[in-house]
Amino acid sequence: MTINSVYILSKSGGLIYQHDHNIPTLEHEKTFSFPLEIKLELQNRNVVVSYGQRDGIKVGHQLAAINGVKVTTAQLEDGRDAMQVLADEANYPINLKFTRPKLTTNEKIFQASMFYPLYALASQFSPEPKSSGIEVLEADNFRMNCLQTLTGVKFMVISDPKQSGIDGLLHRIYELYADFALKNPFYSLEMPIRCELFDEHMKSALEHSEKLGISNV
Amino acid sequence: MAEETVFDFIHMEAVSYVFQGEKVSEDEAVSKLEHMGFATGYRLVERLTRESGRYKDELDIMKYICKDLWVTVYKKQIDNLRTNHQGVYVLHDNRFRLLTHMANGKQYLQYAPRYLAFTCGLVRGCLANLGVTCVVTAEVTHLPACKFQIQVQRG
Amino acid sequence: MAVCVSVIGKENSPLYVWVGSGREELHLHYLAHTGLDVIQEKITSVTKTPGDTRDLYLGLLYATEEYKVFGYTTNTRIKFVIITDAANTTLRDNEIRMMFRRLHSLYTNVVCNPFYIPGHQISSREFDKGVAALVAGN
Amino acid sequence: MTGLIRRTFVALDEEIFKSLYVALIRPHLEYANQPRRHCEMTIYNLYLFDRDGQLLYYAEWTRKKQSGMTKDEEAKLMYGMIFSMKSFVTKVSPVDLREGYMSYATNKYCLNLYETPSKLKFVLNTDTHAQGIKELLHQLYTQVYVEYVVFNPLCSLNKPIESELFATKLDEVVKQSPAYASRPA
Amino acid sequence: MALEFDPYGLPSEVTTPPCALVGMMGLDINTKATHKAVWEAFALNRRPDRIPLHFSLLTPDFQLPNMKQKRQSYEWYIPKGILKTNWISKYLKHIPALVVMFYDLDWNDNNWMEKKNDLAAKVQTLKSVVGCRNSRVALVLIQSGISVPGEDTGAAEKAATLCTACDVPAKHLFVLPHSDAHLIGYTVRLENALSEIAWSFYQGEAKGVQGHRDFLNKTNHTLLFVRHQFKLGFFNELRNDAQTAIKHYAQCYRQLLELRSTDTNLHEIRIVASIVNYKICRLDFTLNLPRDAIAQFRRHIDLFRQRTGPKELIFEHYAWLSKQYQIFGDVFEEAVRVGLPAVQTQHPGFYYQQAAQYAVLRRKTALQVCKDVSGPVSDLLEGWDKLEFYGQRPWRPGKHSLEPPEQHREAEGIKEVQYHELREVNHSNTIIPLFSSAISQFKKYRCPRIKRHLMVQMAEEYHQAQDSTKALTLLSHVMWDYRSEKWWKLLSSASTLALQCAYNTASLMEYCSVALEMMGKKLDVTQQHKLTVHANLTKILKGEPPEPESNNTTTTTANRGVDEVREAWMSLLGSHMSPITVDMTTLVPCLEVRASFTQHRVHVDQRVNVVVKIRNSFVSTLYLSSVSVTTNIHSYNDKLIETDSDKLILPPNQTTDIHLSFLPLVEDVGKKVKVTEVRAQLGGSDSVVGVVLQWAGVGNEGVTAHTADTPAFLEFSVLCQDAYDTTVPIPETEILPRQPQLSIECEYDSTSLVWEWLPITVNITNTEESPIADISLNLGLDSSSPSSLEHTTQVCTSSGLQSDKLGSQVCGFRCGDLRMAEKSSVTFYVKSLTASERTLHLKVEYSVSLSLGVSSVQCPCVSEKTLHIQARIPFQVSVETQSLKFEKVGRVSGGEKFVVVPKIKCTSHVPITLTHSSLALVNEAQVVGSDVKSQVSGTELSEGEVGVDCFCVAFTHSATSNSPLSLGQYFLYWKRSGSECVAVRMSVGLPSVVVEHWGVCVECEAAPQGTVRTPLPLTYIITNHSTTTAELALTMQVSDAFMFAGHKEVRVRVLSGCKERVCYTLYPLLAGNVRLPRLSLSMDSQSPGHPTSLDPLLARILPSHVYIMPQAKESDTMVSTVTNQLSTLLVS
Amino acid sequence: MSRQSMRANDPKKVSGELFTLTYGSLVAQLLKDYENVDDVNRQLERMGYNIGMRLIEDFLARANPGRCYDLRDTADKIQQAFKLYLGVSPSIGSWSPGGDEFSVVMETNPMAEFVELPEHCLGLRYSNILSGVIRGACEMVQLEVMAWFIADQLKGDNMTEIRVKFVKRLEDAIPAGED
């Protein structure tokens, strides 16, 4: 059982808290000969697999390192341009390391803001009157549960679809939020939550519910 | 079974091909299809009748068309065969394969003839090669049911 | 095996005539042609008598001092005539029958060639090959 | 609780009280009234989009509330939503993900998105309890769409579907599905 | 001598069916009629149903062939041959099995004794003659008297004595009463008896032969075994016992085969074999065992096919084989003739065919082996036909040895035979009949193709026999069939022969046609040959004789012919003969033609184009000097010809189009032009001899359609490369009238009104390039419209409007000529008498002068238009009769006034104007008042509006009473508002009313209104129209609306024709429309006490109310006068 | 041989033949309509493309093969499809080093089973419809490829070979108004 991460969105949809609890890192290394058997392309300044999958390397993965030299935003540490390196036959055989891209903070914020309208639309499209927004979003290999308070604060937990007791967890988090963020007089709404106590309790809550899978709240 | 899928699609394309372009006359296009059907039937029957014994008479042949041919081509037998014994045969197919995907009722009725021309030709071709010259016409009033009329030309 | 293999059209015109090399070609043409007399007789007589004698294979049409002439007809009014040496007694009736059946399917393939005009003379590499194999008896 | 506040704080100015109130009381209020799920099992409506986001077909059964816009707008918006939802999902997904099916649920209904490799998108709104919707959608694709659209020469693949036969067959299949009528135990 | 004698055939005695020989003595047929009758009864017309016997008339002094003395032992006897040639005929002709002695002798003959002795003597001598051969003897007494033996005992014992006297067994004595009535009957019975005796003889002979067998030994007498078995067979045949006969013959054949055979004795053996075989087969057939027969024959042939004999005489072998087949064919056929069923696959034909083929082979081999024979050396062949033994060599008769006795002589002999074969034998004479009998057989058994094959071979034979003409005719039939069945290979070989024949017979036409065919691509002839043929053809065209056909098989014979043939050609070509015509339609020539129009119909002012497609399938270019097309309309034919030789060059394997055209004639409009034939002159301009190729018939292809590779089903023509094969010619075209260049507009309202004259204005504009003349218009009902309309439709022009008899057509309304672009317009008027749709047909005919090329013709043109008119009823008129109080009345009394009110409801789609209306009343009624005006004249009504007319009418008193009386007619004149054409009159029948007769009439004089409390005078005037005085009782009822002064109740007498006034003064009490005090009258009738009340009348005619005005403050100004006049109310 | 032994030619085969023959008639018609053989080839490819677009749906529905992110999968699927629809299993091979190009090789081409090209249209790519089908089908699953014949038994080659080349991956259509 895994709980991957927690998001808290403020009333206005801003990301005020995010915690990656348990994100598996997928890394695959392979030595290729020329010409490259998989198609790479630049997607917002990253070298990404666009077509062709080899032992674990999947479409969408990012080029992390060439011959052990780290690659960030299509740049090797030594400043060479990744694409050029790949294009040059002389560099082959070549060892490439791909990872499944992790979200950067900015992306997280962006995604959070992206979820906001979805949530709204969901209730607008409801075939039944006065529907809430998205409460559970399920893809075939993860699930996202979302709890919105009347005040419009959203608590979101991303977990394994088989993970149970998420509702309980959400309420626990809500309590934590109430106790450790709101009750903290120096915390003002809409602002990112920075508070050790909160973090600690959050972690323990997550581990707790991961452990027994069911919430006892 | 996948083989007839490809036939369905090639037939589809044949139809849309003869009707492509704006200035084609319906008759011209239809007769093109009919001729394709004829050629196909003529050649096909050569194969199909290879294993069977010699046919006694016209009716024998018609039965063959309704049973064996129809089954091999359209996966079902003709539902009803009528004749006036003066060389007119009427074949009823209550669920004609090329129409079953289209509609159940009157929708697309005006297009139905396009999808029967080939078959008319097919039947005519088969018969022609079996020594029966005839005119074959089709009639639809309610898809996917369909009525083929075979008018044998004597003498 | 055979000394002459011929395919004859609906209207009794020859579509294909193969004659073994070194044979009196013209004479065999005549034999194949005259075989039609008997074929027609047989076909018409059968259609008169209702019965199971509806075999496509018509058997021995007639024999001269030096040749045996066999016939076969398809449902599509195509006739095949195969001529063998009268001396050749090794050929069983069934073998002849099989030859015809092979010939028939060869012919069928020709007809199924979308570029072949039914009723026209057969000029087909495949068919030639097939017949060659047929008469060679393999 | 309010009492407690009074007792604790002797001198209260507006400011503080407000913040205190927000901090201490509201959460309880909110906590108190959780929205409650209503139970009635059904299929509301279906959108079928082609690969270019065009609405090929729309059908509705027990839809109670309209979105209050024209079908086009609604379709556009719907496609927009599922599009961004897809990208959202791919992004936030912690692991590589198999495309083809996803769904979300609100307290009232459940939206199911089934996408064929040929990028046809079936969007089916059901109640929140509906089971086996993925299978249902797959069935709609293979037994209805393919049969009566792909095999109907008169239906062009990139135009809204007019075939009545398609409509009736679709209706049949949907209505036969347990998710349509059955009431939860 | 060689002609009738055939050394390989069967001798006649063998083939004559053997039957017992019975000799007859004592018949004097020359002098005695009875004897003649008896003889004939026996000998003549022996039908098959009678017992096979052969009678011969013997002279008293006849002798038997004396027989060689019986040899005691065969030890040293070496037979010289197998079968003696004389033996058979000996038993057939010379040795009677039985001799019958005829004698005229009645039982009761007067000098019975003498005759008996005389007879006995005769018998003795006879016996002495026949005794040695122990032929049997029998007695027949020819008796005149009908006496049955036993009837009188005398006869019986006389017979007995006679037998003893002549010493013949009693059962050899017969009596033949020649009461000619039953002669035949007697003879038949008699010959049964006789045959028994005869057969017993042969049985005896057979026993004799068997007797010899014991003496024979295998070493020397093998031949005798054969011979004896043959004899046994033969005797059994004679005694009509086929089965046994076959047994012995078969045995015989077997033993024959056991003989050692060498080249030397082979011939004898095979000849004997053929005889025995013949016997067996024939008997098998007679016993109806065809299978056995055939089997026997097969064996026979198989056994001897390999035994060819000496190679220098190989032809004999084939001659013999050929004979065998022929013989069997004959036997077979004979059997069929007597009823044996034969089938397609097993009939005499095959044997004749084989016989013919061997005969051919015989000649072939003969020509080979006999190449170098010199003339006759010796007379070694002398007596070939009369040898002692069958099948022996004339140069060594009686020698049946395995080796030739003298080698040299043998060789000589062989040479002789060869020489004979080569010079004396006319093979064709044997071959041709064989073929022809084969042909007739195959024809009989439905084998047309085999028949054709034989015909070809026969033709070859004729060709050999220098009879090319016959050959050619045979071939021509065959070739036609081969063409239609497309057996080109066979056709080719036939053609090759035909060409030779055509050459040999110098028949130009055939030569050309065959040549053209051989040049074509279908015939499988070597390139080289085609070229030579072409070369020859060109020679001919140049007037030179062609080269003789090479590869003439029989060079020897041919060479002899060559020179004469060449001569023939010379003279033929020399004599400038008229061009010959070759009918190509029946050929498969190197030139194929299709003539086709370019359109199915042509307008008379356009050119008609004909395209002649000519395909040249020869390997090199061909030239024509002219091509012409013939059509069914001859006037065009001279235009449909192309002679420009540059256009007539036909490159190889291409289709050349030749374009012809003509201008159709005006008088042919409506006709169809058909292509009936295409003719082409072969060869360039330099050719001397005219050879015209002719294609006749639709598509001009005839059989050549076969050569065009047109697919059997047009569906496959997509696959054809050469358009020639798929283009379907247009064989005929229709000549249409010229397309009119005229613009015609018609202005009219498509909905007309019934009865109105609807104007239709036709505007014509000439849009031709030239002026048009004598335009004439026809307007009328469309021919298709129902006849009912014809009577209810009128059409006319302005002139006709007035006329009353108008039809539904206006024909030939001329409106002169029009210059270019000139307009003119005509107005027609159409009247519809019923409300229904009418289709009118407008036809404008005119003529325009066209300059076609040089000439200019007046060309008639027609342009037509159809118009549709929907007629509708303009209005409905309903007429009412009303009392003066405007209440509907059906009855009035004489003299009483009432009103006639026609109501006119407009149903027209356009406003109509009523111009005038009037009444035409019957005599009894007339309009009241002088200037009666129509109330509706000038009124315009639109749809739905109603106009009301009104006339005041009264009946005369004379009007007959108490029966409905029709008033007459109402005439209404109307037209469309605003149309300037004259108004239409419509008449409506008026309703009929019943006239009553009261005698008296009452009128009321009163002011139209009164005022409250102001006296109001009121007077009733009673008039008496009757002839008698009227006694009336008058009562005035009280009313609370009035007080009145005057008689409340009074009796009045009114004299006939007088008036009486009864006056009242009313004093109104109430205001308003007040009811007047009711007046009631009753008249004393003839029967007192039964007064008739007039009240119903009064109620109708007297005013019931009066209007009373309240007291006016000031003297009231408005005073209106009572008007009788009513005004039309418009109700909308 | 008569009636009873009417173990009528195995239906699978026949409907295959029906297709083959129908296709033949169609090609014949095309040859008639366009005099230029290249036009015919083009037209065939176009038809194939149209068929491909529909056929893929049928294929997905039948085989439910799932998405593929690699040309090798695609190749397998194509192989599978050939088996399914033409009843032949072609071999896949001669990959380009870049793995972006491969060949579909058929020992026997059922479509051309009976065909013998006449002289006048040796330029005809008889089975060209196949390349069209492949292109059309791939395009429907976001795969732009090129497909063309490089060997054809009708031209005397000893097998029939279609070359397929990966061009690029097609992305989802951006909904209207969002970029």
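Naming convention: chains lettered A, B, ... in sequence-line order (proteins, then strands); numbering from 1 in each chain. Just so you know, these numbers come straight off a predicted model, no measurement behind them.
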Polar contact flag, side-chain donor to acceptor under 3.5 angstrom, A/Q53-A/K58: no
Measuring heavy-atom distances to chain D, does [X] have an atom under 4.5 Å in its side chain, in its backbone, in both, or in neither?
| X | answer |
| --- | --- |
| A/F142 | side chain |
| A/D140 | both |
| A/I134 | both |
| A/I158 | side chain |
| A/L103 | side chain |
| A/S159 | neither |

Partner chain D: residue of [options] with the largest heavy-atom pair count (under 4.5 Å):
| options | answer |
| --- | --- |
| A/R143, A/K102, A/H61 | A/H61 |
| A/A139, A/A181, A/S123, A/S5 | A/A139 |
| A/L26, A/L121, A/V59, A/D20 | A/L121 |

Return the orientation label for the [X] and [Y] ring planes: parallel under 30°, perpendicular over 60°, tilted otherwise.
| X | Y | result |
| --- | --- | --- |
| A/F155 | A/Y174 | tilted |
| A/H21 | A/H19 | tilted |
| D/Y109 | D/Y104 | perpendicular |

Which region of [X], side chain (C-beta onward) or backbone (N, CA, C, O), has a non-hydrogen atom less than 4.5 Å from a non-hydrogen atom of chain A, or is it both or neither?
| X | answer |
| --- | --- |
| D/E60 | neither |
| D/Y101 | backbone |
| D/M78 | both |

Between [X] and [Y], is there a side-chain N and carboxylate O pair less than 4.0 Å apart?
| X | Y | answer |
| --- | --- | --- |
| A/E175 | A/R172 | yes |
| D/E74 | D/R63 | yes |
| D/E115 | D/K121 | yes |

Measuring only between side-chain heavy atoms, which start at C-beta, is D/F166 closer than 4.5 Å to D/L56? no
Would one find more than 12 heavy atoms of other residues, nucleotides or ligands at under 6.0 Å from atom OH of A/Y187? yes
Name the option with the most non-hydrogen atom pairs under 4.5 Å to chain A; the candidates are D/V95, D/L113, D/N125. D/V95
